[in-house]
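In what follows, chains carry the letters A, B, and so on, assigned in the order in which the sequence lines appear, proteins first and then strands, with residues in each chain numbered from 1.
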Amino acid sequence: MSASPASRPHAARNTLLRMIAGRIGAAFLTLILVSLVVFTISDLLPGDAAQEALGQSATPAQVAALRHEMGLDRPAYVRFGSWITGLAGGDAGQSLVANMPVGEIIRERLPNSLLLAALTTLVAVPLALTIGISSAMNRGGRLDRALNVATLSMVALPEFLVATIAVLIFSVKLRWLPSISMLPEQATWGQFFETFAMPVFSLCVVVIAQMARMTRAAVIDQLDRPYVEMALLKGLSPARVVIRHVLPNAVGPIVNAMALSLSYLLGGAIIVETIFNYPGLASLMVNAVTSRDMPLLQACAMIFCAVYLLLMLLADVTAIVANPRLRSA
Amino acid sequence: MSDPATAPDTPHVPPHVPPHVTVTNLRIAARGPDGQDIVIVDDVSFAIPKGEVLALIGESGSGKTTIALSLLGHVRPGAAITGGSITVGDAAIRSLTPAALRDLRGNRIAYVAQSAASAFNPSRTLMDQVVEPALIHDLLPRPAAEAKAVELFRALGLPKPDTIGQRYPHQLSGGQLQRLMAAMALITDPELVILDEPTTALDVTTQIGVLQAFRAVVRDRGTTAVYVSHDLAVVAQMADHIVVLNRGRVRETGRVHQILQSPRDDYTKTLMAAAHPVVEAAQDKPRTAPVPLLQIEGLTAGYGRVDAQGRPAVPVLRDIGLTLHRGEILGVIGESGSGKSTLARVIAGLLPPARGRISLDGAPLAPGLDGRSRDDFRRVQIVFQNADVALNPAHSVGQILKRPLAFYHGLTGAAADARVAELLERIQLPRTLADRPCTDLSGGQKQRVNLARALAAGPDLILCDEVTSALDTVVGAAILDLLADLRRELGIAMVFISHDISTVRAICDDILVLYSGDVVDQGPRAAFGSPPHHPYTDLLIRSVPEMRPGWLPEGLGAPALPPIDPLAGDADLCRFLPRCNVRVAGLCDRIAPPRHDLAAGNAILCHLEEGPLAVAQRAEALV
Ligand SMILES: Nc1ncnc2c1ncn2[C@@H]1O[C@H](COP(=O)(O)OP(=O)(O)OP(=O)(O)O)[C@@H](O)[C@H]1O
Ligand code: SF4
Ligand SMILES: [Mg+2]
């Protein structure tokens with residue numbers, strides 16, 4: 001952003017760095033707490049991988065032997081300790097079902113999930129900003145009311161419904177798009193589009209609506225401030241007032257809203273990936289739950305939580321950097 | 001809608017010179033909550049010759065701001081110009097396209113808003129905002145605009161003109177921001193500047209420098225100006241013409257001298273009378289009770305933790321002592337942040353002091369709320385500035401008054417109803433108001449209900465914290481009269497807190513001047529009539545604008561102060577030192593000032609004796 005004030009720029013930068021360091025520390029602490037919770041909950045889930053692997057006909061002795069082999073009979077705190085130290089060193093353990101390192105499975109799926117999230121963000125954020133800002137600038141006008149109705153009904157639509165309807169229309173009825181999203185090796189742009197059109201669309205609907213509504217609220221909150229009237233009386237056009245004056249003040253709340261909505265994508269991804277059979281992290285996690293593959297489940301859960309915390313951290317830091325009061329306190 | 005034939009003549013404009021600004025039969029309406037149009041400006045006409053200053057004066061809600069904004073072709077959302085014409089130079093404002101209006105705004109016509117603190121964008125540097133009008137209208141390249149801004153900062157008497165632009169609004173004081181806003185308005189050399197109550201939010205001592213700066217730059221540039229204000233005395237310093245407004249209509253138009261010396265309209269006369277409150281003070285009867293009602297000794301208070309030496313983390317009041325007898329009013333005056341409200345909070349028990357004793361009728365009063373009995377609460381009541389915050393909007397006036405009646409006196413049913421009626425009569429409101437929600441009341445009525453609630457307890461002492469500051473002069477003057485009645489008829493003592501020395505001088509028996517938490521001057525009202533005073537009291541009194549043109553000294557800001565040791569910063573030195581114009585190097589910047597009595601009966605906290613103070617302050621009066 002612009003230069004810090006002439007007085008004590010050094011001290012100002014230091015307080016800024018200290019605040020950001022504080023936020024990062026807090027995020028780490030939360031992550032550790034979360035790991036505890038994830039571990040405890042997955043421990044409480046009924047059934048275990050040994051039982052699952054051997055099937056219903058296995059004798060208790062067989063199950064116990066396998067449990068011992070898998071290390072499942074050690075006390076919980078020992079398992080937690082070895083799990084968390086392994087995780088810190090990049091070793092998420094061995095998948096109990098696939099019999100290969102969890103890290104390897106995730107390495108295969110993670111890029112797919114990131115690609116889906118990136119595409120959705122790329123489509124959703126600019127659209128949501130445009131809708132939210134134009135809605136706010138026309139507050140009470142016809143455009144605002146129309147967009148309001150549209151976003152309100154979009155918020156109310158669950159992903160599975162959007163996805164199912166999209167499949168019914170585009171795959172079943174019109175036969176334009178495949179109902180399963182598998183990106184072939186060396187895909188053409190056309191295939192790329194076909195693969196992602198429906199999943200991205202299903203995820204965008206809700207996220208755009210949420211973000212647009214929050215953006216509108218944040219911008220309107222600023223539009224009511226006296227400095228906006230002052231800017232208009234200086235001869236600025238409404239568009240310029242919004243870009244030069246309102247957005248710098250609204251960026252904190254807007255980024256916060258974006259981060260919240262994008263973290264919501266994580267949940268939406270589970271449904272969308274399942275419906276379109278997309279090989280991402282979310283469907284992996286669902287599989288891990290059904291097969292009681294605890295190490296895999298725990299690793300997936302930790303990734304989701306870390307992403308969530310990262311998004312929140314980003315929003316916090318943006319809000320601090322954008323606010324001169326915090327920046328130069 | 002309007003009939004040009006009925007446009008009134010504008011007598012002060014020679015017919016052959018076209019005026020620079022002409023407003024004819026202007027009518028502005030807003031859509032009310034019930035869908036009905038409410039006329040907020042009705043048939044207003046005036047004209048301003050080039051290079052002159054016209055003041056729009058009137059109370060809150062009289063339509064001043066609405067008219068001022070319409071000169072820029074702007075109306076607030078919900079309102080619309082429904083008739084009349086506005087011309088500025090060759091531009092007929094009402095027929096301009098939005099783009100043409102934008103070309104005019106911030107370029108040929110500039111606006112200075114009421115509260116600079118909220119009119120600046122909090123997240124951009126001041127320089128960015130000050131040069132913006134010149135940049136968007138393509139008048140100057142950025143470096144030239146910045147150079148010009150620095151020149152303006154200097155002309156407006158801002159400190160560190162070269163670097164002040166790199167700061168953010170929250171880093172400057174209200175007075176400085178107001179000047180920066182003037183610089184922003186003047187950067188494009190506008191032909192018309194509109195100043196909307198530019199000094200209302202400031203302390204008197206700050207206001208004076210800002211007024212001088214405004215007047216100097218507007219005059220030097222031959223700019224035409226519209227000055228919006230509710231303060232006749234300020235207007236007398238700034239304007240050539242006055243338009244008196246009331247409920248959106250023009251009551252009187254004329255030259256400053258004519259309006260101030262021989263107002264023709266009744267409403268103008270009321271406004272003038274309210275500007276000099278004259279309240280019947282209590283007769284000087286001898287004090288019968290030897291024990292004062294309220295006595296405070298060695299009081300130190302503040303916020304945050306108290307350390308081993310009994311000093312709070314954020315010290316506010318230092319070593320305060322005062323006495324107040326039954327039926328008397330003690331005025332507490334000082335600028336914003338001097339600790340006036342903190343004093344009231346301490347007396348009321350809302351903030352336990354770090355040190356010191358408070359006694360009521362000779363008996364010590366517990367420092368905090370937990371130590372006080374219900375009867376202690378009853379005897380000391382507090383009334384705040386903002387009646388809106390204090391009154392629960394969900395309750396009717398009757399319900400609000402019955403709560404203290406039940407709490408302190410166990411009154412309910414018909415007895416309570418009768419007492420409510422009595423109280424309403426006491427505060428001069430109709431009995432029928434008892435059933436109305438307090439949201440239906442005007443500001444003045446709310447403040448009366450607020451007072452009645454304090455009276456319902458049957459107190460010995462009422463702490464009035466800026467009770468008239470949020471009200472218009474006329475309404476405020478009526479409340480002052482009511483307070484004087486209550487004191488005279490019920491014998492209630494009051495601590496009357498205000499930042500306005502003329503109000504305090506009108507109503508109080510004794511006056512106490514706070515500066516940054518120190519009592520710097522304390523004594524009977526008579527002692528505040530003529531010098532010598534404490535140097536800060538003197539500054540306060542001299543800063544209150546008088547209603548004669550030419551009162552505002554020429555030049556820019558205060559003259560240079562005597563030099564002192566720049567390292568002086570000991571907590572016990574005189575706190576007024578950095579602003580004192582009679583300070584003595586080697587004394588004031590070395591040793592804590594003593595408290596001593598002056599002949600007129602007041603005690604001051606200052607190194608200077610009667611003689612030197614009198615000489616210095618008489619000399620000032622002559623300048
Ligand atoms: N947009 C609007 N919609 C409805 N009523 C309005 C609108 N603008 C102003 N009013 C009303 O018009 C009257 C005049 O308002 P205006 O702001 O011009 O008063 P003012 O004299 O500047 O008051 P103050 O001294 O409080 O600033 C008030 O009663 C106000 O409530
Ligand atoms: S003690 Fe000195 S600095 Fe303080 S008010 Fe008196 S003369 Fe001024
Ligand atoms: Mg106003």
Side-chain angles (χ1 to χ4, degrees), chain A residues 1-9 11-12 15-16 136-141 144 218-255 318-329, chain B residues 65 68-69 71-74 76-78 98-137 160 162-172 181 184-185 187-188 190 194 196:
Chain A
M1 292 221 106
S2 43
S4 50
S7 63
R8 305 178 297 133
T15 32
L16 180 62
M137 287 176 69
N138 289 290
R139 175 166 31 153
D144 181 33
V219 170
I220 282 183
D221 174 52
Q222 294 295 323
L223 285 177
D224 286 335
R225 309 269 167 117
Y227 74 79
V228 170
E229 181 174 69
M230 186 67 228
L232 286 173
L233 294 177
K234 277 154 84 173
L236 273 71
S237 63
R240 204 181 157 110
V241 170
V242 168
I243 293 167
R244 299 300 304 270
H245 286 269
V246 170
L247 285 186
N249 286 295
V251 74
I254 290 182
V255 170
T318 315
I320 293 174
V321 172
N323 186 339
R325 269 173 217 262
L326 298 179
R327 212 183 319 149
S328 59
Chain B
T65 302
L69 289 175
L71 294 175
L72 289 143
H74 179 74
R76 298 231 158 110
L101 264 181
R102 281 205 291 278
D103 275 350
L104 219 66
R105 290 178 184 164
N107 182 4
R108 284 174 54 197
I109 311 178
Y111 181 72
V112 176
Q114 179 159 357
S115 161
S118 58
F120 273 117
N121 188 330
S123 65
R124 296 184 60 203
T125 62
L126 288 159
M127 183 57 93
D128 262 359
Q129 304 186 54
V130 168
V131 298
E132 194 171 24
L135 301 186
I136 56 169
H137 294 108
K160 303 211 183 95
D162 294 310
T163 54
I164 197 168
Q166 295 162 19
R167 300 179 155 238
Y168 287 90
H170 72 275
Q171 296 170 319
L172 297 181
M181 180 141 288
M184 180 162 84
I187 192 122
T188 57
I194 292 158
D196 188 356

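A donor-acceptor pair under 3.5 Å links the side-chain atoms of B/His137 to the main chain of B/Arg102, judged by distance alone. B/His74 contributes no side-chain N or O that, together with a main-chain N or O of B/Arg105, makes up a donor-acceptor pair within less than 3.5 Å. Checking side-chain atoms of B/Lys160 against main-chain N and O of B/Gly165 turns up no donor-acceptor pair under 3.5 Å.
B/Arg124 has its side chain within reach of B/Asn121: a pair of non-hydrogen atoms, C-beta onward, lies under 4.5 Å apart.
For the set B/Glu132, B/Met184, B/Met181, the entry with the most heavy-atom pairs within less than 4.5 Å of chain A is B/Glu132. Interface summary for chain B: among A/Leu236, A/Leu233, A/Leu232, the most heavy-atom pairs under 4.5 angstrom belong to A/Leu233.
Proximity to chain B (any heavy atom under 4.5 Å) is restricted, for A/Arg240, to the side chain, taken from C-beta onward. Neither the backbone nor the side chain of A/Gln222 comes within less than 4.5 Å of any heavy atom of chain B. Using a 4.5 Å cut-off between heavy atoms, B/Tyr111 touches chain A through backbone and side chain atoms alike.
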Q. Between B/Val112 and B/Ile194, is a side chain to side chain contact (heavy atoms under 4.5 Å, CB included) present by the stated rule, with each step listed?
A. CA-CA 6 Å; B/Val112 176; B/Ile194 292 158; over 6 Å; no

